[in-house]
Amino acid sequence: MTRITLVEGDITEQQVDVVVNAANSSLLGGGGVDGAIHRKGGPQILEECRRLRASHWGRGLPTGRAVATTAGRLPARWVVHTVGPVYWEDEYEDRAGQLASCYRESLRVAAELGARTVAFPAVSAGVYGWPLDDAARIALGTVAATVAGPARELTEVRFVLFGTAAYGTFEQVWLGMGGEQ
Ligand code: AR6
């Protein structure tokens, strides 16, 4: 059984096997979670991102995909970088599918690495503008379905929410889905 947990906090401080980064296609860093991870994790993460970019994704990592690097100086073993979609109502269905894919792919990569514990931020819910309650519904629904199947070796999937409002929204959605804390 995989436990799904919610905490309020900073993703860069999590002692887990995998920390998931809400990256962009360039894999070269940015603001929000991405900026914090590179800042605290140090230059080794960026070096690996550059190498991956050059060898696999010259044109960038596609939205909805995930790739692993070292976690550098973070208290984690790996960072899994995923690229969330920018929120756009006109293409809601496609983009919601891409957001679900971020969670599925990140868990697949984490399971392949042999990870047991994974921490996620609320992918796409910052700079990329996804409404938090809907981002929470997609995140929690997808993770709950994935840990019941392909990622069942994981012992914990933790959502790390930045601030009490984000935590409260995730908690409400999770309880509404029948989840336990
Ligand atoms: N720990 C946990 N959550 C955080 C942290 C943190 N240290 N910092 C921010 N959040 P965002 P996105 C929350 O913008 O929307 C970057 O520039 C934040 O409050 O990091 O997927 C990338 O390079 C929000 O709820 O990711 C991309 O260009 C959530 O994490 C772009 O932003 C995600 O916010 C990706 O945008």
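Note that ligands are numbered from 1 as they come in the structure, with each ligand's atoms numbered from 1 the same way.
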Test item: Gln172 and Thr169 side chains (from C-beta on) under 4.5 Å apart, heavy atoms:
no

Polar-atom distance check: Thr12 versus ligand 1, any N or O pair below 3.5 Å?
no

Could Glu47 and Arg50 be called an ion pair, given the rule that one side-chain N must be under 4.0 Å from one carboxylate O?
no

For ligand 1, find out whether one of its N or O atoms is nearer than 3.5 Å to an N or O atom of Leu132.
no

Just need the protein heavy atom nearest to atom 25 (O) of ligand 1, so name the residue and atom and give the distance.
Ala125 O, 3.9 Å

Rounding to 0.5 Å, atoms CZ (Arg116) and CZ (Arg77) come to a distance of 9.5 Å

For atom 1 (N) of ligand 1, closest protein heavy-atom neighbour:
Ile11 N, 2.9 Å

Anything under 30° is parallel, anything over 60° is perpendicular, the rest tilted; go ahead and classify Tyr87 against Tyr92.
perpendicular

If you measure from the Lys or Arg side-chain nitrogens to the Asp or Glu carboxylate oxygens, is any gap between Arg3 and Glu180 under 4.0 Å?
no

Please report which non-hydrogen protein atom sits nearest to atom 7 (N) of ligand 1, along with the residue it belongs to and the distance in Å to one decimal place.
Asp10 OD1, 3.0 Å

Among protein heavy atoms, which sits nearest to atom 36 (O) of ligand 1, and what does the distance come to when rounded to 0.1 Å?
Tyr128 CG, 3.4 Å

So, is Ala122 polar-close to ligand 1, with some N/O to N/O distance under 3.5 Å?
no

Is there a heavy atom of Ala166 sitting under 4.0 angstrom from any atom of ligand 1?
no

With a 4.5 Å heavy-atom cut-off, do Val160 and Asp10 have their side chains touching?
no

Given the rule in the side chain to side chain contact (heavy atoms under 4.5 Å, CB included) test, do Val19 and Val80 qualify, once you have shown the distances and angles that lead to the verdict?
CA-CA 6 Å; Val19 160; Val80 168; over 6 Å; no

Tell me, which pairs form a salt bridge (charged side-chain N to carboxylate O under 4.0 Å, His left out) where one or both residues lie in residues 139-151, sequence neighbours left out?
none

Any chance the side chains of Thr5 and Glu156 put a donor and an acceptor closer than 3.5 Å?
yes

Within a distance under 4.0 Å of any heavy atom of Gly30, pick out the atoms of ligand 1 and give their elements.
17 (O), 23 (O)

If the cut-off is 4.0 Å to any non-hydrogen atom of Ala22, which atoms of ligand 1 fall inside it?
21 (O), 22 (C), 26 (O), 35 (C)

Would you say Gly126 and ligand 1 have an N/O pair spaced under 3.5 Å apart?
yes

Atom 16 (C) of ligand 1 [closest protein heavy-atom partner, distance rounded to 0.1 Å]
Gly31 O, 3.4 Å

Is there a side-chain contact between Leu140 and Leu6 (heavy atoms, below 4.5 Å)?
yes

Among all protein heavy atoms, pick out the one at the shortest distance from atom 30 (O) of ligand 1; state its residue, atom name and that distance to 0.1 Å.
Val33 CG2, 3.4 Å

Tell me, which protein residue and heavy-atom name are nearest atom 13 (C) of ligand 1, and how many Å apart are they?
Phe162 CB, 3.8 Å

Side chains of Val16 and Val118: does their closest heavy-atom pair fall under 4.5 Å?
no

Sub-3.5 Å N/O-N/O distance, Ala36 and ligand 1:
no

Heavy-atom contacts with Asp34 under 4.0 Å: which atoms of ligand 1 show up? List them by number with element.
22 (C), 23 (O)

Tell me: protein heavy atom nearest atom 14 (O) of ligand 1, and distance?
Val127 N, 2.8 Å

Winner among Gly84, Cys102, Ser124 once heavy atoms are compared against atom 21 (O) of ligand 1
Ser124

